[in-house]
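Shown next, in structure tokens, is the structure this report addresses.
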Amino acid sequence: MINARGVCKRFGRLPVLNGVNLDVVRGSITAIVGPNASGKTTFNRIILGLVRPDAGEILFDGQRLNGDATYRARIGYMPQIARYPENLTGRDLMAMLRDVRGANAPRDEELVETLSLGPVLDTPLRVLSGGTRQRINAALAFLFQADLLILDEPTAGLDPISSGTLKDKLLRERSAGRALIVTSHVLSELDE
């Protein structure tokens with residue numbers, strides 16, 4: 001699904017990625033581990049088309065990423081820190097994403113139920129705890145049955161029960177043939 005060859009990125013004089021090679025296949029969870037500021041999020045953002053590499057190439061299902069954004073409709077993304085307008089609710093975010101993806105796009109609202117989000121979906125984000133926001137962020141990433149799921153530090157801020165629920169979901173998605181990229185700096189989390 002994803003083939004990266006020789007991907008390099010610098011920010012000014014700071015080298016962030018230096019010749020990264022990576023293959024992500026369907027039906028697998030690919031873990032990218034490294035300390036803070038090692039380039040994990042930058043690599044994710046390159047796949048998403050939000051950052052351009054200085055060198056190298058990335059193929060998505062055999063097609064070179066070249067600025068055409070249509071492939072992104074096949075990706076679910078859970079950023080480490082989601083930044084949404086504070087006055088919106090979880091339900092507003094889901095409706096907004098449905099509008100972007102298309103009303104007929106198949107949906108997977110399992111995490112809305114298993115993460116017990118129903119009671120908080122109509123509450124403005126500004127009054128929700130960080131953990132509740134992260135649970136909403138997880139539900140949004142899985143909402144459209146994407147072929148590729150990119151999860152950046154997905155359990156950060158989650159309580160142990162929510163973390164376990166999310167990990168179970170990852171395993172089900174892998175079994176369903178989806179490709180997943182999970183980045184973390186905690187090796188024990190990735191081990192699970």
> Would R135 and L117 count as a side chain to side chain contact (heavy atoms under 4.5 Å, CB included) if you check the C-alpha gap in whole Å, the side-chain angles of each, and the deciding distance to 0.1 Å?
Replying inline: CA-CA 8 Å; R135 289 180 7 236; L117 291 173; 3.7 Å; yes
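Put simply, the side chain of Y84 does not reach to within 4.5 Å of the side chain of R133, judged on heavy atoms.
There is a path of hydrophobic side-chain contacts, each under 4.5 Å, that joins L97 to L149. Following chains of ILVMFWY side-chain contacts shorter than 4.5 Å, one can reach L48 starting from F11, so the two form part of one hydrophobic cluster.
The side chain to side chain contact (heavy atoms under 4.5 Å, CB included) test applied to L22 returns A4, V24, T30, I32, F43, not counting sequence neighbours. Residues satisfying the side chain to side chain donor-acceptor pair (under 3.5 Å) test with R5, not counting sequence neighbours, are D23.
Inspection of the D152 and T183 side chains reveals an N or O donor paired with an N or O acceptor under 3.5 Å. For the 3.5 Å distance criterion, the side chains of S129 and T132 qualify, holding a donor opposite an acceptor. With 3.5 Å as the limit, one finds a donor-acceptor pair spanning the side chains of S162 and D159.
The neighbour count for E113 CD, taken as heavy atoms of other residues, nucleotides or ligands under 6.0 Å away, does not exceed 12.
N44 contributes no side-chain N or O that, together with a main-chain N or O of T41, makes up a donor-acceptor pair within less than 3.5 Å.
Of the residues listed (E110, E173, R172), the one engaging F142 in a side-chain contact (heavy atoms from CB on, under 4.5 Å) is E173, and it is the only one.
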